[in-house]
Amino acid sequence: PSPLRSSARSGNLRLENEAIERSEVPEGWEQYPKSLANNDLEARWTKKNDQSFYGYKDHVMADLDSKLIVRAKVSTASEHDSQALESLTRPGDPETWADSAYTGVNCQEILQRKGIAASICEKGTRGHELTKGQKRSNRAKSRKRVRVEHIFAFMTGSMGAMLQRCIGYASSRACNLLANLVDNIARNEPS
């Protein structure tokens with residue numbers, strides 16, 4: 001799972017956003033270096049549940065028992081969650097519990113090649129709703145998978161980590177990885 005962390009909101013014109021998508025500096029921006037420094041040209045847009053996000057995603061691999069983050073990858077918001085699977089997994093990892101974003105032939109191939117058993121929630125589509133058995137199976141898988149969601153809930157609620165305002169991939173990556181480290185430290189703290 002990977003929550004979306006917003007960069008500073010983009011108030012760009014459509015043509016400016018198109019230039020940014022091509023990794024170009026929009027026309028006329030060179031004459032305003034201070035303004036250019038405050039625009040994140042590396043962040044990207046995505047939409048989730050009819051809500052738009054501009055920024056980066058934090059993808060994590062966590063230990064099921066301790067909820068400690070073992071590995072993490074930061075990507076632009078437009079990158080699909082399944083694209084991080086290759087870099088987050090290692091051969092011989094324990095059974096992996098994931099949501100329906102990790103369904104598909106590509107993800108299955110990665111997991112099989114690395115010898116990782118996976119319990120991935122099934123996805124329904126329009127006209128092909130999940131059966132009662134599939135829903136029951138997803139509910140059982142979600143009982144374990146939700147432990148990773150607890151990580152992001154803690155980061156959002158207690159740490160306020162979702163409100164980072166970083167400019168550029170490098171600083172956003174550093175902020176996300178630091179938030180992951182702080183989460184691990186907070187979980188390891190004796191009660």
Side-chain heavy-atom pair [X], [Y] within 4.5 angstrom cut-off:
{"X": "Trp97", "Y": "Glu95", "answer": "yes"}
{"X": "Arg145", "Y": "Asp99", "answer": "yes"}
{"X": "Asn138", "Y": "Lys135", "answer": "no"}
{"X": "Leu111", "Y": "Ile120", "answer": "yes"}

Within this structure, what is the [atom1]-[atom2] distance for the pair [X] and [Y], rounded to the nearest 0.5 Å?
{"X": "Ser142", "Y": "Glu149", "atom1": "OG", "atom2": "CD", "value": "9.0 Å"}
{"X": "Glu122", "Y": "Leu130", "atom1": "CD", "atom2": "CG", "value": "6.5 Å"}
{"X": "Leu85", "Y": "Gln83", "atom1": "CG", "atom2": "CD", "value": "9.5 Å"}
{"X": "Arg71", "Y": "Asp63", "atom1": "CZ", "atom2": "CG", "value": "10.5 Å"}
{"X": "Lys73", "Y": "Asn180", "atom1": "NZ", "atom2": "CG", "value": "14.0 Å"}
{"X": "Ile69", "Y": "Arg187", "atom1": "CD1", "atom2": "CZ", "value": "7.5 Å"}

Looking only at heavy atoms, which two atoms of [X] and [Y] are closest? And how far apart?
{"X": "His150", "Y": "Lys67", "result": "ND1-NZ, 2.8 Å"}
{"X": "Leu177", "Y": "Ala72", "result": "CD2-CB, 3.8 Å"}
{"X": "Ala77", "Y": "Arg44", "result": "CB-O, 3.4 Å"}
{"X": "Ala43", "Y": "Tyr56", "result": "N-OH, 3.2 Å"}
{"X": "Thr103", "Y": "Ser100", "result": "OG1-O, 2.9 Å"}
{"X": "Arg143", "Y": "Arg147", "result": "O-CG, 4.5 Å"}

Could you see if [X] belongs to whatever hydrophobic cluster contains [Y]? Use Ile, Leu, Val, Met, Phe, Trp, Tyr and a side-chain cutoff under 4.5 Å.
{"X": "Val182", "Y": "Phe154", "answer": "yes"}
{"X": "Leu178", "Y": "Ile185", "answer": "yes"}
{"X": "Ile116", "Y": "Leu88", "answer": "no"}

Over 12 non-hydrogen atoms of neighbours within 6.0 angstrom of CD in Glu27: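 No, because the 6.0 Å sphere around CD of Glu27 holds 12 heavy atoms or fewer from other groups.
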Residues, nucleotides or ligands: over 12 heavy atoms within 6.0 Å of Arg136 CZ: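 Open: at most 12 neighbouring heavy atoms sit under 6.0 Å from CZ of Arg136.
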Test log, rule side chain to side chain contact (heavy atoms under 4.5 Å, CB included), inputs Lys144 and Leu64: CA-CA 7 Å; Lys144 291 196 177 190; Leu64 185 65; 4.0 Å; yes
Tell me if a side-chain donor or acceptor on [X] pairs with a main-chain N or O of [Y] at a distance below 3.5 Å.
{"X": "Gln51", "Y": "Lys48", "answer": "no"}
{"X": "Ser137", "Y": "Gly133", "answer": "no"}
{"X": "Asp183", "Y": "Ala179", "answer": "no"}

Verdict with reasoning, Asp93 to Lys114, per salt bridge (Lys or Arg N to Asp or Glu O under 4.0 Å): CA-CA 8 Å; Asp93 275 349; Lys114 294 184 178 187; over 6 Å; no
Check against side chain to side chain contact (heavy atoms under 4.5 Å, CB included), Glu129 and Gln134: CA-CA 9 Å; Glu129 301 296 320; Gln134 288 172 314; over 6 Å; no
Of Leu68, Val74, Val148, the residue whose pairing with Val60 passes side chain to side chain contact (heavy atoms under 4.5 Å, CB included):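 Only match with Val60 under side chain to side chain contact (heavy atoms under 4.5 Å, CB included): Val148.
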